[in-house]
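Scroll down for the structure; my scribbles are underneath it.
Predicted model, so just to flag it, every value in this text is computed and none were measured. All values below were derived from every heavy atom in this structure, side-chain atoms included, with hydrogens, water molecules and symmetry-related copies excluded. Position 1 is the first residue of the sequence, and the numbers go up from there.
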Amino acid sequence: MKFVQLAKTLKEEGLAPVYLIEGEEAYFRDHAVESIRTACRLSNPALNDARCEGEQLRGEGLAALRRALETLPFFDEKRIVRACEFYPTEREWETYLRPYAENPAPTTVFLIVNAGKKANAADLRKKKGVTYVDCSRESEETLSRWLFGVARRQGLAMDADAASLMVRYCAQDAARMKLETEKLAAILGGNARVDRAAVEAYVAKDTEYKIYELTQAASRRNFALFSEILSDMLGKGSDEYAVLAALVSHYRTLAEVSGITGSDAEVAKTLGVKPYAVQKNREAAARLGKARVQELYLSLYGLSSGAKSGLYGKTGALFAAIAKIFFS
């Protein structure tokens with residue numbers, strides 16, 4: 001199940017005996033663990049919430065984990081055992097954990113909490129008896145819906161376009177979105193409405209979003225907007241190398257989408273991006289023309305390589321790139 005479905009599942013179906021909480025979104029993982037702990041109603045967490053790390057779970061550590069799973073809770077109805085960053089091999093799973101997952105202790109809730117998968121590790125998502133909670137990064141639409149709930153719990157009403165903009169400003173980072181929502185509640189007060197203007201005024205833009213704005217201004221040859229964004233980025237600590245690398249990456253992407261035939265969906269699958277991104281990049285490439293896109297990519301790549309090798313200074317290379325984009 002997706003992380004956003006966990007609360008409803010706990011309420012309607014109760015606790016499962018074994019969970020795999022997996023995904024790169026740390027906030028979702030932490031919140032999933034906390035939701036399950038709350039459902040367990042532990043009055044003695046110091047005694048009934050055991051945690052072990054991946055490096056402890058080898059050899060004798062696996063035997064100790066089995067003993068922990070079969071230990072009765074102390075003055076509580078449930079006991080939690082957490083194994084963090086735990087990637088057992090297929091053999092380890094079969095030897096130590098498959099028998100437990102198929103016949104778990106009724107008083108224990110076993111949580112495997114992982115940031116991702118590892119080579120040569122068993123695929124725990126497909127194991128019998130394991131309930132998988134997907135904590136990977138969600139789509140912008142899903143995060144916007146989740147953000148409405150976060151805002152509501154803070155006493156705020158959030159407009160749809162404000163939620164979408166906030167997701168982009170925060171680079172789809174759930175922890176940042178929650179903090180920024182709490183900040184908006186403190187600034188705007190209770191029962192306030194969050195509109196697009198409030199997000200633009202008070203929510204800090206992630207560096208990734210600033211780079212997106214910068215490259216879009218470059219594609220549209222909007223020098224005034226480009227200069228304003230660049231000045232803000234450099235004034236807040238961004239490095240010229242990073243800005244130049246972002247421009248090179250942007251024009252490389254435009255060169256790729258202008259040179260590949262097929263539908264937006266087919267190209268998106270080839271490049272590992274979303275169809276909407278392909279559509280927008282193709283529009284930008286069409287405005288500039290295929291030959292111009294290729295020329296800019298090669299020129300900027302040469303300047304970036306020269307800056308890295310010491311042939312050019314980083315500031316000189318960046319301003320030479322800007323001249324190529326806007327004035328050549």
Under a 4.5 Å side-chain heavy-atom rule over Ile, Leu, Val, Met, Phe, Trp and Tyr, are V293 and L298 clustered together? yes
Pick from N114, D30, V33, I112: which one makes a side-chain contact (heavy atoms from CB on, under 4.5 Å) with I21? V33
Do L65 and L47 belong to the same hydrophobic cluster, where Ile, Leu, Val, Met, Phe, Trp and Tyr are linked whenever their side-chain heavy atoms lie under 4.5 Å apart, directly or via other members? no
Apart from L72 itself, residues in the same hydrophobic cluster as defined by side-chain heavy atoms under 4.5 Å: none
Which residues pass the side-chain hydrogen bond (donor to acceptor under 3.5 Å, both in side chains) test with T315, sequence neighbours left out? E240
Any side-chain donor-acceptor pair under 3.5 Å between T38 and S35? no
Does anything in residues 214-272 form a ring-ring contact (aromatic ring centres under 6.0 Å, His included)? List the pairs, not counting sequence neighbours. F223-F326, F223-F327, F226-F326
Summary of salt bridge (Lys or Arg N to Asp or Glu O under 4.0 Å) pairs that have at least one residue in residues 1-10, sequence neighbours excluded: K2-D134, K2-E138
Looking at residues at least two apart in the chain, or sitting in another chain, which of them share a side-chain hydrogen bond (donor to acceptor under 3.5 Å, both in side chains) with E85? Y87
Enumerate the residue pairs fulfilling ring-ring contact (aromatic ring centres under 6.0 Å, His included) with a member in residues 99-152, sequence neighbours excluded, ordered by first and then second residue. Y27-W146, F28-W146
Quick note, salt bridge (Lys or Arg N to Asp or Glu O under 4.0 Å) partners involving residues 253-265, not counting sequence neighbours, are D264-R282
By side-chain hydrogen bond (donor to acceptor under 3.5 Å, both in side chains), which residues pair with D76, not counting sequence neighbours? S43, N48
For E266, enumerate each residue passing the salt bridge (Lys or Arg N to Asp or Glu O under 4.0 Å) test, keeping only those at least two apart in sequence or located in another chain. none
Pairing of D159 and R196 as salt bridge, 4.0 angstrom limit: no
Between E77 and R79, is the closest basic N to carboxylate O distance under 4.0 Å? no
Could you give all pairs that pass the side-chain hydrogen bond (donor to acceptor under 3.5 Å, both in side chains) test and reach residues 220-230, with sequence neighbours left out? Q216-R220
For atom CG of D123, decide whether the heavy atoms of other residues, nucleotides or ligands shown that lie under 6.0 angstrom number more than 12. yes
With sequence neighbours left out, what residues match D239 under side-chain hydrogen bond (donor to acceptor under 3.5 Å, both in side chains)? K314
Give me the atom names and distance for the closest heavy-atom approach of S304 to L244. CA-CD2, 3.6 Å
Carboxylate-amine/guanidinium proximity below 4.0 Å for E90 and K127: yes
Passes side chain to side chain contact (heavy atoms under 4.5 Å, CB included), E22 versus V133? Steps please. CA-CA 6 Å; E22 182 182 87; V133 182; over 6 Å; no
Strictly below 4.0 Å, N to O, side chains only: are E94 and R91 in salt-bridge contact? no
Table please: side-chain donor-acceptor pairs of residues 179-186 below 3.5 Å, with sequence neighbours left out.
| unit_1 | atom_1 | unit_2 | atom_2 | d |
| --- | --- | --- | --- | --- |
| E180 | OE1 | K183 | NZ | 2.8 |
| E180 | OE2 | R176 | NH2 | 3.4 |
| T181 | OG1 | M177 | O | 2.7 |
| E182 | OE2 | K178 | NZ | 2.6 |
| K183 | NZ | Y202 | O | 2.7 |

Where do A174 and E25 come nearest, in terms of heavy atoms and distance? N-OE1, 3.4 Å
How about CD on E70, more than 12 heavy atoms from neighbouring residues, nucleotides or ligands closer than 6.0 Å, or not? yes
Under-4.0 Å salt bridge between R292 and E295: yes
